[in-house]
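One structure is given below, encoded as structure tokens.
Reckoned from all heavy atoms, side chains included, excluding hydrogens, waters and symmetry mates. We count residues from 1, following the sequence as given.
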Amino acid sequence: MFKILVFLLNNMKKTIFIIGSGFSSLSASCYLAKAGYNVIVLEKNDTLGGRARQLKKEGFTFDIGPTWYWMPDVFEKFFSDFNKKPSDYYLLNKLDPGYQVYFAKEDSKEISGNIDKIYTMFEEEEKGSSKHLKKFLESAKSNYNTAIKDLVYKPGESIFELITPVTIKRANQFFSTIRKDIRKKIKNKKLIQILEFPVLFLGAKPSNTPAFYNFMNYADFGLGTWHPKGGMYNVVNGMVNLAQSLGVKFITNANVEQIKVNTNKVEGLVVNGEYKKADIILSGADYHHTETLLPKINRQYSEKYWSKKTFAPSALLFYVALNKPVKKVAHHTLFFDCDFEIHAESIYDNPKWPQNPLFYVSFPSKTDTSVAPKGKEAATFLIPLAPGLKDTKEIRETFFNKIILRLEKVTNQNIKENIIFKESFCVNDFKTEYNSYQGNAYGLANTLMQTAFLRPKIKSKKVENLYFTGQLTVPGPGVPPALISGKIAADLIVKNT
């Protein structure tokens, strides 16, 4: 007991500055405050949440960033670490259908929130496929349990983190791909597209993603798709409230301009021209950008290193207010009515604006009356893009017209004439708002050569007491991984200081 008391008293004196206030930063701030550190979060924008900010206009509410709530168990684990529950901060509803997929004009499939209904849908589309799906999901569930319990909470410091009695037996899954695994037994093109979809959350193509990552299919079909009332920003608010109750201090409009280093050790940082002494710095901001705040000699990774990495996509987003509901769509609706391989090639192999892009639309007002005035519709459109593309108002407008016309054609209704207003967000905004490398939206893709210990390190190898968290380090892109990344970073800090 005495040793614990001494540890807490020593760390009460240590000040940690966290750069950025996204999910990973919020997660880390809670764990570090609980451990007894003096935690100050610096956010360059005027609202908290990092990429998970909110747009409110004329009675409409839009999540600027993430709109999907998957892997509810990760959120539950986070809050339970503080003797709390998600329901202490926000109301959560399971969606049914979880989402809808369009393949052609008025040809769509709803992904039910009930697994038995999913089996039935598969069987109706391809005889015998439900048997293969059940076996596939058994493997996916097992991999999910292995990943969540044994792997994703590891700090990515060594290959030996991946070597367990369970993973040794499944080593072949790291050298095969999701694409190959799915297509061994399932032949129907629509079912293949549905099964390959969850991998897109990892920021990579199914053909480049290890088969072990089929655990995302269990996250989809097994755990379901959920929605926090009021939007994902209410999860941000919940985490901020928790952090503040633990003593975390938040400062907005705080632009970090430099990280000061003395004899290869963190000394402080410059915020809006003012020097602030720091014992420890944790950056939840873009990893590449954070290193540019350091003297060159203290940077771990060169520009050449970053240029060779496979990044997850950027995105063109539109936040659209409509004066009447859109018919024949679900809360989450995917439009796979064009060739996925051609679109994927324009993202990963030959970066350019896609001629006929696949896209996704969130209609949260379908299930949440709080996000739009009665009788009206809120819609968020997203087109995945290669990072670093030329981004102009004219290009944005061209692509909005493409997808709105496709939406009208595929669902057989007039929509454009019902628009009240629209706002957009794209490559240039990711750069200016989030200092995002090449304007990427999701971080580094989870390919085999960018998994676990092969990702940028959480603990700096060149600067003592400098740490990183978020989508460019372990475990990878996505909101649940961000919560996990924050815990990993906090645990490393506690361990090393």
Side-chain angles (χ1 to χ4, degrees), residues 46-47 49 51-69 90-102 105-106 108 110-111 113 225-238 315-335 337 357-384 393 396-426 429 433 479:
D46 58 5
T47 58
R51 300 181 189 215
R53 293 186 296 159
Q54 193 177 59
L55 169 66
K56 287 197 168 197
K57 184 175 179 180
E58 297 180 24
F60 292 84
T61 300
F62 303 90
D63 282 314
I64 290 177
T67 56
W68 290 77
Y69 192 106
Y90 52 88
L91 178 64
L92 198 60
N93 294 310
K94 188 175 184 181
L95 299 180
D96 193 3
Y99 56 95
Q100 183 175 3
V101 185
Y102 270 96
K105 184 174 181 179
E106 297 190 89
S108 72
E110 289 187 343
I111 307 304
T225 303
W226 300 73
H227 173 71
K229 185 176 181 180
M232 288 294 288
Y233 196 71
N234 276 348
V235 182
V236 171
N237 284 335
L316 170 56
L317 296 119
F318 294 98
Y319 313 102
V320 183
L322 298 156
N323 63 17
K324 60 185 295 187
V326 178
K327 300 175 182 178
K328 306 174 187 176
V329 293
H331 182 129
H332 296 298
T333 306
L334 306 166
F335 291 85
D337 55 313
L358 282 69
F359 64 99
Y360 150 71
V361 192
S362 170
F363 298 97
S365 42
K366 289 293 176 196
T367 60
D368 187 346
T369 58
S370 72
V371 300
K374 187 176 181 180
K376 295 180 170 54
E377 193 91 274
T380 298
F381 293 72
L382 184 151
I383 303 173
K393 290 182 180 179
R396 295 186 190 194
E397 194 62 24
T398 295
F399 276 81
F400 180 74
N401 287 330
K402 282 189 176 188
I403 60 175
I404 199 72
L405 289 175
R406 286 245 307 281
L407 174 59
E408 290 183 328
K409 179 181 178 182
V410 170
T411 63
N412 194 26
Q413 63 189 303
N414 294 324
I415 298 171
K416 190 174 183 180
E417 64 188 26
N418 300 320
I419 293 174
I420 301 170
F421 69 81
K422 75 175 188 292
E423 304 280 350
S424 66
F425 200 96
C426 197
D429 302 300
E433 298 291 311
V479 177

Next item on the list: Could you grab the distance from atom OG1 of Thr398 to atom CD1 of Ile403, nearest 0.5 Å is fine?
Entry: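 Reported value, rounded in 0.5 Å steps: 11.5 Å.
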Notebook entry, point to check: How long is the span from the CD1 atom in Ile383 to the CZ atom in Phe399, to the nearest 0.5 Å?
Noted result: 6.5 Å
Any sub-3.5 Å donor-acceptor pair from [X]'s side-chain atoms to [Y]'s backbone N or O?
X: Asn234; Y: Tyr90; answer: no
X: Lys324; Y: Gly375; answer: no
X: Ser365; Y: Ala378; answer: yes
X: Asp429; Y: Cys426; answer: yes

Side chains of [X] and [Y]: does their closest heavy-atom pair fall under 4.5 Å?
X: Ile111; Y: Pro97; value: no
X: Thr333; Y: Tyr99; value: no
X: Lys94; Y: Thr225; value: no
X: Pro228; Y: Tyr69; value: yes
X: Ile404; Y: Ile415; value: yes
X: Thr380; Y: Val320; value: no
X: Ile420; Y: Leu322; value: no

Under the side chain to side chain contact (heavy atoms under 4.5 Å, CB included) test, residues paired with [X] that sit two or more places apart:
X: Asp368; value: His227, Lys229, Ser370, Val371
X: Val410; value: Tyr102, Phe335, Asp337
X: Lys327; value: Gln413

Margin query: What verdict does the side-chain contact (heavy atoms from CB on, under 4.5 Å) test give for Val329 and Val361, after you've listed the backbone C-alpha separation in whole Å, the side-chain angles of each residue and the deciding distance to 0.1 Å?
Written below: CA-CA 9 Å; Val329 293; Val361 192; over 6 Å; no
Next item on the list: Answer yes if the ring centres of Phe381 and Tyr319 are under 6.0 angstrom apart, and no otherwise.
Entry: no
Note to self: I need the minimum non-hydrogen distance between Gln100 and Ala330, along with the two atoms involved.
What the structure shows: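 So the two residues come closest at OE1-N, 3.1 Å.
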Margin query: Show me the pairs that pass salt bridge (charged side-chain N to carboxylate O under 4.0 Å, His left out) and involve residues 370-380, at least two apart or across chains.
Written below: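 Sorted result for residues 370-380: Lys366-Glu377.
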Check: So which pairs with a foot in residues 51-62 pass salt bridge (charged side-chain N to carboxylate O under 4.0 Å, His left out), sequence neighbours left out?
Finding: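 Residue pairs passing salt bridge (charged side-chain N to carboxylate O under 4.0 Å, His left out), neighbours aside: Arg53-Glu433, Lys57-Glu423.
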Check: Checking side-chain hydrogen bond (donor to acceptor under 3.5 Å, both in side chains) for the pair Thr67/Tyr360: CA distance, chi angles, key distance, verdict?
Finding: CA-CA 11 Å; Thr67 56; Tyr360 150 71; 2.8 Å; yes
Next item on the list: Fit a plane to each ring of His332 and Trp68, take the angle between them on a 0 to 90° scale, and name the class: parallel (under 30°), tilted (30 to 60°) or perpendicular (over 60°).
Entry: parallel
Notebook entry, point to check: Around atom NZ of Lys409, are there more than 12 heavy atoms of other residues, nucleotides or ligands at under 6.0 Å?
Noted result: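 Not more than 12 within 6.0 Å, no.
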Next item on the list: Flag the pair Glu408 and Lys416 as a salt bridge only when some basic side-chain nitrogen lies within less than 4.0 angstrom of an acidic carboxylate oxygen.
Entry: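 Salt bridge flag = no for Lys416 with Glu408.
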Notebook entry, point to check: Which is it for Phe359 and Arg406 under the side-chain contact (heavy atoms from CB on, under 4.5 Å) test, yes or no, and what are the steps along the way?
Noted result: CA-CA 10 Å; Phe359 64 99; Arg406 286 245 307 281; 3.5 Å; yes
Note to self: With side-chain contact (heavy atoms from CB on, under 4.5 Å) as the criterion, how do Ile64 and Tyr233 come out once you've worked through the C-alpha distance, each side chain's angles and the decisive distance to 0.1 Å?
What the structure shows: CA-CA 9 Å; Ile64 290 177; Tyr233 196 71; over 6 Å; no
Notebook entry, point to check: Stepwise, does the side-chain contact (heavy atoms from CB on, under 4.5 Å) test hold for Phe363 with His331?
Noted result: CA-CA 5 Å; Phe363 298 97; His331 182 129; 5.7 Å; no
Checklist line | Non-neighbouring partners of Glu397 that pass salt bridge (Lys or Arg N to Asp or Glu O under 4.0 Å), sequence neighbours left out | finding: Lys422
